[in-house]
Amino acid sequence: MLTKRVTLFAGHYGSGKTNIAVNYAMHLKKEGFPVVIADLDIVNPYFRTKDSEDELKKQGIDLICSEFANTNLDIPSLPQSMYRVIHDKSIHAVMDIGGDDAGAVALGRFAPSLTDENNYAMLFVANFFRPLTRNAEEAFAILREIEFASGMRFTGIINNSNLGEITTKHDILSTKKEAEKLSQISGLPLCFTTVESSLYDELKTESENLFPLTLQSKIF
Amino acid sequence: MAEKVLMKGNEAIAEAAILAGCRHYFGYPITPQTEIAAYMAKKMPKIGGCFLQAESEVAAINMVYGVASTGKRVMTSSSSPGISLKAEGLSYLAGSDLPSLVVNVQRGGPGLGGIQPSQSDYFQATKGCGHGDYRMIVLAPSSVQEMASLTIKGFDLAEKYRMTSMILADGTMGQMMEPVSLEQAVVESYDKSWAVTGTKCERKKNIINSLSLVPEELEQLNFARYERYKKVEENEVMYEEYMMDDAEICVAAFGIAARVAKNAIVKAREEGIKVGMIRPITLWPFPQKAFEEAADKVKSFISVELSMGQMIEDIRLYTHSKKPVTLCNRVGGMIPSPEQVLESIRKANEGGNK
């Protein structure tokens, strides 16, 4: 996948956008780009980009997010510094968009600038193990709703199908057909398939364009 | 076994309710349970069900009362401050002996509090939320799978005993994602001859009402209701025992706290400390016997809670304070870490608890 200045991850809520965004930002940093990660999620109260703030900081990645993220305030606001993504052309930005069309509304504010600059990739994250996106058709409906709400068009698809910690190699391979079908009906390329790092070696001979993910650790 | 899907706890509750035959949902949005309403809004119209966002929590619980009167499965969901608003309706449901399912995905309080997880509505749920003598069956899930299975169970118990079942979860349980397998629930059919469904001029009319003008009659209604509650206490207690066989220290925890506690217990066992856990699954009826019996075996108890110490009172009550009970807690939206629980276990092991 060709690296663009701005990479946006959007999709159904719970599809795994935040995790991919954090991993992708770290990937870009390793490639040598100056990177900021921008959390545009105005929907989700828990499990946010901010949970990875320490790790991001350690790697020299700036985090732009609502000043109320992970606090007790339920205010869907975005900070002024979000405009850095648009105006500072020297940086590479990863944008984590909130779930569904409701979350994608926040992107609308930045859509004209991003479209004008025309140096972005907007990727639809699909997990076919999520109950409301079990197949290509259901995922496609959400893809279109997000485009409508954000005023932007997707440029590619990511197959992030997983069952959390119990995901097997077979689970991932079993969704290949739906991912290809989604690519076909949307006319968008399947950019990569994600895989939890420990499964990467098992899968790399059987599947191409794999992107290894490190998951956040849990205390419960 | 049905195919597994990856779900948020809140979604699992919603889907399980649909599988249990619930086709009526009334609610009002509040973090961190909004996904239940959002899921119902998407799904109910597609299956001929009714999703209605009421104008307030008070309206929603009274809509629940209306549908419950017809004997149909009905539910509402909210988070702590919203449940307080529904308290009046819960009392009316109890006074009319109506079955319903109410979900509380708790957040920090009191007052508006915050949006992060909490277990500080234990008193509210188990000691009666509204006015009058009544009980609710209170179910405390500890995994996304249990969010689903206890929802199905909750509908069943509600109808069986004509009372409200409450799912008492917390924000983390509602928001976290885990694999779940969902199967069509086997729906038991219970006597609904009390339901208001139209007499067709063929039977005496049914009246659903919580007002009773004659004190002698109201007393009898209360007696009869408590006979039913007694049956619930005898038959429906659920709990999980974890490594209790040789335990000298007993951790008590439910919901999210039990998950953290389990991790701490594993580490403590590695250090050679004999510690186990009793995890109440029904908070009412409380697993009295399990604690009573444990009190004769263990040296001390530790209650791990996301509250200032609420369940700890029941533990002291039902162990007759035979052994010391200490509290390991975080509040205000914070979750105790496994290390904090482990430290409490170590202290208890040294006999440092008073």
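The figures here come from the full heavy-atom set of this structure, side chains too, leaving out hydrogens, waters and symmetry mates. Treat the numbers as computed from the prediction; the structure is a model and nothing was measured. Just so we're on the same page: letters track the sequence lines, and every chain starts at 1.
- The one candidate from A/Asp171, A/Ile166, A/Thr167 that meets the side-chain contact (heavy atoms from CB on, under 4.5 Å) condition with B/Pro179 is A/Ile166.
- The environment of A/Phe68 atom CZ is dense: over 12 non-hydrogen atoms of other residues, nucleotides or ligands sit within 6.0 angstrom.
- In this structure, chain A has no heavy atom under 4.5 Å from any part of B/Glu339.
- A/Ile219 pairs with exactly one of B/Asn263, B/Ile335, B/Ile256 by the side-chain contact (heavy atoms from CB on, under 4.5 Å) rule, that one being B/Ile335.
- Between B/Gln175 and A/Pro45 there is a side-chain heavy-atom pair separated by less than 4.5 Å.
- Heavy atoms from other residues, nucleotides or ligands lying under 6.0 Å from CZ of A/Arg109 number 12 at most.
- Rounding to the nearest 0.5 angstrom, the gap separating the OG1 atom in A/Thr71 from the CD1 atom in B/Ile115 is 6.0 Å.
- Distance check: A/Phe220 CZ to B/Ser337 OG gives 12.0 Å after rounding to the nearest 0.5 Å.
- Side chain of A/Arg130 to main chain of B/Leu6: a donor-acceptor pair is present (N/O by atom type, distance under 3.5 Å, no hydrogens or angles).
- The two atoms that bring B/Lys42 and A/Leu132 nearest to each other are CD-CD1, 4.0 Å, heavy atoms only.
- Of the listed residues B/Gly332, B/Gly333, B/Pro117, the one with more heavy-atom pairs under 4.5 angstrom with chain A than any other is B/Pro117.
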For the pair A/Tyr46 and B/Met176, evaluate side-chain contact (heavy atoms from CB on, under 4.5 Å) and give the outcome as yes or no after the intermediate values. CA-CA 8 Å; A/Tyr46 299 5; B/Met176 69 189 284; over 6 Å; no
Begin from the C-alpha positions of A/Tyr13 and B/Glu35 and carry the test side-chain contact (heavy atoms from CB on, under 4.5 Å) through to its verdict. CA-CA 10 Å; A/Tyr13 76 87; B/Glu35 290 84 2; 3.8 Å; yes
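- In this structure, B/Met177 CE and A/Phe47 CZ are separated by 10.0 Å, a value rounded to the nearest 0.5 Å.
- Residue-environment remark: NZ (A/Lys176) stays at or below the threshold of 12 foreign heavy atoms within 6.0 Å.
- Contacts between B/Lys43 and chain A at a heavy-atom distance below 4.5 Å involve the side chain alone, from C-beta outward.
- Neither the backbone nor the side chain of B/Thr34 has a heavy atom closer than 4.5 Å to any heavy atom of chain A.
- Interface check for chain A: of the options B/Ala261, B/Ala38, B/Gly171, the most heavy-atom pairs under 4.5 Å are formed by B/Gly171.
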